[in-house]
Amino acid sequence: EAQGSPITNVKMNWRKMELSWDSSKNFSKYKCTIMVRDMGSMTKEVNSSLCRFPVELYMPLHKGVFFSIEVPNTNISKTCTFIPGGMNGSAIENFSCMIYYVSFMNCTWRAGRDAPGDTQYFLYWKNSR
């Protein structure tokens, strides 16, 4: 993380595949990169503090995801790492999905045996090509 970087409050909306941030300075261009270990990266140049990646982009989150936001032709940048966490034994168990009538799907699972009572799990559907 660059000391005193004007780029702060980096957020990722996984459902929309949007990376956003705040900047204390008004730059005309940013270069944002999303990288997955052992899978490569994708870089986009944008004119605002919002970077959209293709929703179809396959990102296996369990390996960790790295983000980089740079201001071209400067030494200003911000790098963030997303590594999914969780306590041992909190991962879901008995996950299964049933597809019926071609366009409906029902998924069920059980909370991990050591998951705290307030643990929340989220399931997102992403269409593929």
Side-chain angles (χ1 to χ4, degrees):
E1 180 178 322
Q3 286 294 323
S5 174
I7 299 169
T8 58
N9 201 25
V10 178
K11 295 179 183 172
M12 181 66 183
N13 181 326
W14 293 105
R15 196 177 294 185
K16 294 180 178 180
M17 289 300 285
E18 292 178 347
L19 180 65
S20 63
W21 58 91
D22 294 331
S23 179
S24 60
K25 296 184 179 177
N26 191 15
F27 299 107
S28 60
K29 289 211 183 299
Y30 296 93
K31 189 165 73 170
C32 51
T33 304
I34 187 168
M35 299 161 271
V36 174
R37 191 173 300 161
D38 304 328
M39 286 204 58
S41 63
M42 175 180 269
T43 301
K44 299 194 96 176
E45 197 164 285
V46 295
N47 299 323
S48 68
S49 57
L50 177 68
C51 193
R52 290 184 177 97
F53 295 100
V55 175
E56 303 82 28
L57 194 62
Y58 175 66
M59 290 280 144
L61 303 180
H62 67 281
K63 293 184 174 189
V65 180
F66 306 91
F67 302 103
S68 170
I69 302 161
E70 301 173 45
V71 179
N73 304 316
T74 72
N75 64 348
I76 297 171
S77 67
K78 181 79 161 191
T79 302
C80 301
T81 305
F82 170 77
I83 298 175
M87 298 174 3
N88 285 340
S90 65
I92 63 170
E93 298 174 353
N94 296 336
F95 178 83
S96 68
C97 292
M98 192 88 129
I99 298 174
Y100 56 99
Y101 300 121
V102 180
S103 57
F104 295 98
M105 182 170 70
N106 185 40
C107 296
T108 59
W109 60 86
R110 193 174 67 220
R113 65 184 137 253
D114 295 330
D118 62 350
T119 300
Q120 294 182 1
Y121 300 98
F122 298 91
L123 175 66
Y124 295 100
W125 170 270
K126 188 188 282 190
N127 282 330
S128 65
R129 292 180 221 148

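Reckoned from all heavy atoms, side chains included, excluding hydrogens, waters and symmetry mates.
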ILVMFWY cluster, [X] and [Y] together (side-chain gap under 4.5 Å):
{"X": "L123", "Y": "Y121", "answer": "yes"}
{"X": "I69", "Y": "M35", "answer": "no"}
{"X": "L19", "Y": "F82", "answer": "yes"}

Within a 6.0 Å radius of atom OH on Y100, are there more than 12 heavy atoms belonging to other residues, nucleotides or ligands? yes
If you count heavy atoms of other groups shown closer than 6.0 angstrom to CG of N88, is the number above 12? no
Using atom types as modelled and distance alone, determine if a side-chain donor or acceptor of K44 lies under 3.5 Å from a backbone N or O of R52. yes
Ignoring hydrogens and geometry, is there a side-chain-to-backbone donor-acceptor pair from S49 to W21 under 3.5 Å? yes
What residues form a salt bridge (charged side-chain N to carboxylate O under 4.0 Å, His left out) with E45, not counting sequence neighbours? none
In sequence, state the C-alpha distance, the side-chain angles, and the governing distance for F67 and M12, and then conclude on side chain to side chain contact (heavy atoms under 4.5 Å, CB included). CA-CA 9 Å; F67 302 103; M12 181 66 183; 3.8 Å; yes
Please report the C-alpha distance between T108 and N94 in whole Å, then the side-chain angles of each, then the deciding distance to 0.1 Å, and finally whether the side chain to side chain contact (heavy atoms under 4.5 Å, CB included) criterion is met. CA-CA 8 Å; T108 59; N94 296 336; over 6 Å; no
If you take all heavy atoms of S5 and S77, which pair is closest and at what distance? OG-O, 3.4 Å
For P54 and M17, which heavy atoms make the closest approach, and how far apart are they? O-CG, 4.0 Å
So, taking the atom named [atom1] in [X] and the one named [atom2] in [Y], what distance separates them when rounded to the nearest 0.5 Å?
{"X": "I92", "Y": "T119", "atom1": "CD1", "atom2": "OG1", "answer": "12.0 Å"}
{"X": "I76", "Y": "E70", "atom1": "CD1", "atom2": "CD", "answer": "11.0 Å"}
{"X": "K31", "Y": "S68", "atom1": "NZ", "atom2": "OG", "answer": "8.0 Å"}

Which residues share a side-chain contact (heavy atoms from CB on, under 4.5 Å) with S48, sequence neighbours left out: L50
Checking F53 against C32 for the side chain to side chain contact (heavy atoms under 4.5 Å, CB included) test, could you report, in this order, the C-alpha distance in whole Å, the side-chain angles of both residues, the deciding distance, and whether it holds? CA-CA 10 Å; F53 295 100; C32 51; 4.2 Å; yes
Tell me whether the rings of F27 and Y30 are parallel (<30°), tilted (30 to 60°) or perpendicular (>60°). perpendicular
